[in-house]
Novice: 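Below is the structure I would like to discuss, written out as structure tokens.
The chains referred to below are lettered A, B, ... by the order of the sequence lines, with proteins before strands, and numbering in each begins at 1.
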2 protein chains.
Amino acid sequence: MELPEFLKSLVDFSEEELEEILTHFRVEEVSKEYPLVEQGQICRKLYYIEKGVGRNYYLNADGKEITQLFFGEGRFMTSLESFFQESPSLYNVEVLEESLIHFITKEDLEFLFGKYHKMEQLGRLLSTEMLTKVVHKLNAIQFQTAQERYEYMLTEYPDIIYRVPLGMVASYLGMSQETLSRIRKKKLEE
Amino acid sequence: MELPEFLKSLVDFSEEELEEILTHFRVEEVSKEYPLVEQGQICRKLYYIEKGVGRNYYLNADGKEITQLFFGEGRFMTSLESFFQESPSLYNVEVLEESLIHFITKEDLEFLFGKYHKMEQLGRLLSTEMLTKVVHKLNAIQFQTAQERYEYMLTEYPDIIYRVPLGMVASYLGMSQETLSRIRKKKLEE
DNA sequence: GGATTCTTTTGACCTATATCAAAAAACGAA
DNA sequence: TTCGTTTTTTGATATAGGTCAAAAGAATCC
């Protein structure tokens, strides 16, 4: 979904408001694996994914990549804690395909929050939406078996699961790649 | 921290604003294990804990209680997805001690969001704060050993860990009570 | 279109943590 | 204080899922 349409679907902005808001966004076409944020940096941009998929990941003590969150089309993406708290990011953020994204800086966003009550509302809605999404995932991870977590992913993110490498999905679901491969096989055999 | 003080610490409300906002809250003293929300209900209240501790939990397939989140003093508590999406709550919400809480209904809250830009800002700040908290926990749960998760809890919620029954902490950390008991013992021996 | 590189699958083995059961300790009411 | 109840600890045993290594399969590139 295109950005203006997406914004309007959440809050009913007037034409003028929408117009000004959009002037603060910039478009970017980025290619696969392009690092939007690197671990340690402070992330000052909020990205909207019009086309493509992105993710947030970090390198654990053994140097293995652990995917924290995926972001599909029509989502805002950023390094959450870094963006909100202006702290060094614990995560890398990248896109996983040729993607079309829009971004706004934190500064501009704060400006818009101050200027437009409705923009503030948008901010609130987006963060509560993200919050429920994360709570849901937490729930899946906390007490479900590897198999159940896979099912969760299938129903929750059917688009993403077949679009990104297996290893990334596995780490996202908190299991090893081998385990995910076996679960998938077992599922097929049924 | 008392509610007015807490609100002012986040957003600089004028005296009149603050006054009106406070009229929409009601105080309640509730005793241990009092169910504020029950699984299946739609939760329409947002609680502020002035004194006490609360939690969110659900009963899994085997009928075992799984604690999802704890809420300490100076926090807002609710059944997150239920409150935001007006969907039946997956969780029970209760306090774990004699507590002093304030609450506001969703209706009143929406009214205030609409009336005061600053109130909307408060809503946004609270949800981003909660969001980073949940992301942080997700992170701890996803790829850490039981021992590491315990350490996480010690540093993150030192106040809560000794205040609530072991079994609740264990399920919160995604491990069995026995495992937590053993970890704690090992830690003491060092 | 074959060589190279990256991703996924498979097998063998191992370990962290679950489960079950019972004892010990702590707590609360009368 | 004592008895009954709840919570925590301890021991023995089982298992889901991890790790390591190698083979198989896909994708990418000159």
Side-chain angles (χ1 to χ4, degrees), chain A residues 31-35 52-53 55 57 59-67 70 92 94-98 140-154 160-190, chain B residues 31-35 53 55 57 59-67 70 94-98 140-154 160-190:
Chain A
S31 57
K32 204 171 158 168
E33 288 173 32
Y34 182 78
V53 206
R55 68 158 179 161
Y57 70 99
L59 298 172
N60 73 3
D62 313 335
K64 242 176 81 179
E65 291 184 358
I66 309 294
T67 297
F70 289 111
N92 300 281
E94 66 175 14
V95 295
L96 301 171
E97 317 174 337
E98 197 72 30
I141 292 275
Q142 190 168 353
F143 258 90
Q144 294 188 286
T145 62
Q147 167 122 3
E148 288 166 329
R149 277 174 272 157
Y150 176 69
E151 314 265 353
Y152 151 81
M153 177 100 190
L154 271 180
I160 290 179
I161 203 168
Y162 294 118
R163 214 161 143 186
V164 306
L166 187 80
M168 289 183 192
V169 175
S171 77
Y172 173 79
L173 292 176
M175 66 184 77
S176 72
Q177 167 163 331
E178 293 91 329
T179 295
L180 181 53
S181 172
R182 289 181 180 112
I183 285 171
R184 204 159 68 165
K185 185 182 174 199
K186 198 174 135 210
K187 194 106 216 271
L188 270 174
E189 286 169 353
E190 287 169 15
Chain B
S31 57
K32 205 171 157 169
E33 287 171 35
Y34 181 77
V53 206
R55 68 159 179 160
Y57 70 99
L59 299 173
N60 73 2
D62 313 335
K64 242 175 83 178
E65 291 184 359
I66 310 294
T67 297
F70 289 110
E94 66 174 15
V95 295
L96 302 170
E97 318 175 336
E98 197 70 31
I141 292 277
Q142 192 168 354
F143 258 92
Q144 293 187 285
T145 62
Q147 166 121 6
E148 287 166 329
R149 277 174 273 155
Y150 176 69
E151 314 266 352
Y152 151 80
M153 177 100 191
L154 272 179
I160 289 180
I161 202 168
Y162 294 118
R163 215 161 143 186
V164 306
L166 188 80
M168 291 184 190
V169 174
S171 76
Y172 173 77
L173 293 176
M175 67 185 77
S176 71
Q177 167 164 331
E178 293 91 328
T179 295
L180 181 53
S181 171
R182 289 182 179 111
I183 285 171
R184 203 159 68 165
K185 184 183 176 200
K186 198 174 136 211
K187 194 107 219 275
L188 270 173
E189 285 169 353
E190 286 169 17

Novice: Between atom CD in Glu33(B) and atom C1' in dT7(D), what is the gap in whole Å?
Specialist: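 Computing the Glu33(B):CD to dT7(D):C1' distance gives 13 Å.
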Novice: In terms of side-chain heavy atoms of Lys185(B), which of dT8(C), dT10(D), dT17(C) is nearest?
Specialist: dT10(D)
Novice: Nearest whole angstrom, please: distance from the C1' of dT28(D) to the CD of Glu98(A).
Specialist: 16 Å
Novice: Taking NZ, NE, NH1 and NH2 as the nitrogens, is one of them in Glu94(B) or Arg55(B) under 4.0 Å from a carboxylate oxygen of the other?
Specialist: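 Looking at Arg55(B) together with Glu94(B), the answer is yes, because their closest N to O distance falls below 4.0 Å.
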Novice: Counting side-chain heavy atoms from CB outward, which of dT8(C), dT19(D), dT28(D) is closest to Lys64(A)?
Specialist: dT19(D)
Novice: In whole Å, what is the span from the CG atom of Leu96(A) to the P atom of dA27(D)?
Specialist: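 Spelled out: CG on Leu96(A) to P on dA27(D) is 16 Å.
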Novice: For the pair made of CD in Glu148(B) and C1' in dA16(C), what is the distance, rounded to whole Å?
Specialist: 12 Å
Novice: Look only at the side chain of Arg149(B) and the backbone of Ala140(B), and say whether a donor-acceptor pair between them is shorter than 3.5 Å.
Specialist: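 Absent.
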Novice: What are the residues of residues 170-184 of chain A, sorted by number, that bring a heavy atom to within less than 4.0 Å of DNA chain D?
Specialist: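 The stretch gives Gly174(A), Met175(A), Ser176(A), Glu178(A), Thr179(A), Arg182(A) as the residues lying under 4.0 Å from the strand, ordered by number.
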Novice: Determine whether more than 12 heavy atoms belonging to other residues, nucleotides or ligands lie under 6.0 Å from atom OH of Tyr34(A).
Specialist: no
Novice: Can you tell me if Ser171(B) uses its side chain to pair, donor with acceptor, with the backbone of Thr67(B) under 3.5 Å?
Specialist: yes
Novice: Any sub-3.5 Å donor-acceptor pair from Gln142(A)'s side-chain atoms to Tyr172(B)'s backbone N or O?
Specialist: yes
Novice: I need the Thr145(B) OG1 to Glu151(B) CD distance, nearest 0.5 Å.
Specialist: 8.5 Å
Novice: Between P on dT17(C) and CD1 on Ile141(B), what's the gap in Å once rounded to a whole number?
Specialist: 12 Å
Novice: I need the CZ-P distance between Phe143(A) and dG17(D), as an integer number of Å.
Specialist: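 For the pair Phe143(A) CZ and dG17(D) P, the rounded distance is 13 Å.
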Novice: Lys186(A) has an atom NZ; how far is it from atom P of dT8(C), in whole Å?
Specialist: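 Rounded to the whole Å, the gap is 20 Å.
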Novice: So which one's nearest nucleotide on DNA chain D is more toward 5', Lys32(A) or Arg149(A)?
Specialist: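 Result of the comparison: Arg149(A).
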